[in-house]
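Please read the structure below before turning to the comments.
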Amino acid sequence: MNPLTALAIGMSGWILALGLNLPVASAILILLALGLAVVKTRNLSVPLAVLVLAIPLGLSMVLVHAPYGDNQIAPLITSDGLALAGALTLRFSALMSCLLAAMTFVTIPELVKALQVSPLGNRIAYIVGSALQFLPQGRLAVQRARDANALVGRKINLRTVIPHLALPVMTSVLSQGAARGQALETAGYDIQGKRTVLVPVADSPAQRVLRYTVPIVCLAVVIWI
């Protein structure tokens with residue numbers, strides 16, 4: 001599947017979750033999105049990720065809304081406040097489920113290639129690719145800095161964490177970014193005009209139609225309901 005198609009379908013779920021704003025709709029979207037994610041990945045990584053994101057938000061929603069409803073059922077707890085907190089948590093979970101499920105059908109190289117030949121252009125492709133790769137690259141830089149400190153027998157503590165871990169990691173990440181920028185400038189990445197790729201991402205006419213029709217249908221459902 002073309003990554004733009006997956007993201008368009010995922011964003012269509014956002015249209016339904018935010019537009020309908022119904023707990024039932026949010027619950028259905030969660031079940032559908034997580035079901036697709038489990039089938040695609042063959043593991044529970046996406047449901048667990050949504051759970052990890054939803055628990056702290058749900059607790060904060062309870063703290064914010066539970067005391068301020070009209071039907072008090074216990075000290076500082078109201079039934080309608082709890083219902084509102086639950087609805088907001090469900091809606092957030094639906095948004096995260098749709099996004100993370102869509103990302104299971106996307107790889108960073110294919111997404112960058114798809115964006116590069118899209119009307120958005122190569123600059124947006126570079127920004128998106130850099131943003132998505134920052135965390136993996138940062139994690140790798142941290143691991144390398146830890147390994148280097150371990151090789152010289154240096155322990156990382158509050159006194160040494162900045163000069164021997166934080167600064168080397170920042171320097172490594174910035175140096176990699178500068179090197180990529182120089183390489184792209186040499187290759188003429190800033191030159192205006194349409195871009196092509198050596199091995200384009202598969203993109204059938206049916207998928208191109210799907211990318212436009214699914215969001216439109218979801219928007220029509222929201223307006224109709």
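Counting begins at 1 with the first residue of the sequence.
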Discussion item. The test is side chain to side chain contact (heavy atoms under 4.5 Å, CB included); show your working for Val46 and Lys40 and say whether it passes.
Written reply: CA-CA 10 Å; Val46 173; Lys40 175 64 177 178; over 6 Å; no

Worksheet entry | Reference residue Thr160; test side chain to side chain contact (heavy atoms under 4.5 Å, CB included); the match among Ile162, Leu158, Asn157 | Asn157

Worksheet item: What do the steps show when you test Arg211 against Asp203 for side chain to side chain contact (heavy atoms under 4.5 Å, CB included), and what is the final call?
Response: CA-CA 11 Å; Arg211 286 202 293 270; Asp203 191 19; 3.0 Å; yes

Discussion item. I'd like to know if Leu18 and Val217 are part of one continuous hydrophobic network [Ile/Leu/Val/Met/Phe/Trp/Tyr, side-chain heavy atoms within less than 4.5 Å].
Written reply: no

Fill in: Contact check, side chains of Ile108 and Val112, non-hydrogen atoms, under 4.5 Å
yes

Worksheet item: Should Leu57 and Thr89 count as side-chain neighbours, where that means a heavy-atom distance under 4.5 Å?
Response: yes

Worksheet entry | Side chain to side chain, Leu111 and Leu4, heavy atoms closer than 4.5 Å | yes

Response to the item:
In this structure, CG of Leu34 is separated from CE of Met96 (nearest 0.5 Å) by 12.0 Å

Fill in: Which residues share a salt bridge (charged side-chain N to carboxylate O under 4.0 Å, His left out) with Arg91, sequence neighbours left out
none

Fill in: Pairwise side-chain contact, Thr5 with Arg208, heavy-atom cut-off 4.5 Å (strictly under)
no

Discussion item. With a 4.5 Å cut-off on side-chain heavy atoms, are Leu82 and His65 touching?
Written reply: no

Worksheet item: Hey, is CG on Leu76 packed in by over 12 heavy atoms from elsewhere, all under 6.0 Å?
Response: no

Fill in: Flag side-chain contact, heavy atom, 4.5 Å: Ser97 against Leu29
no

Worksheet item: Any side-chain heavy atom of Ser12 within less than 4.5 Å of one from Leu16?
Response: no

Discussion item. For a 4.5 angstrom cut-off between non-hydrogen side-chain atoms, does Gln137 reach Val173?
Written reply: no

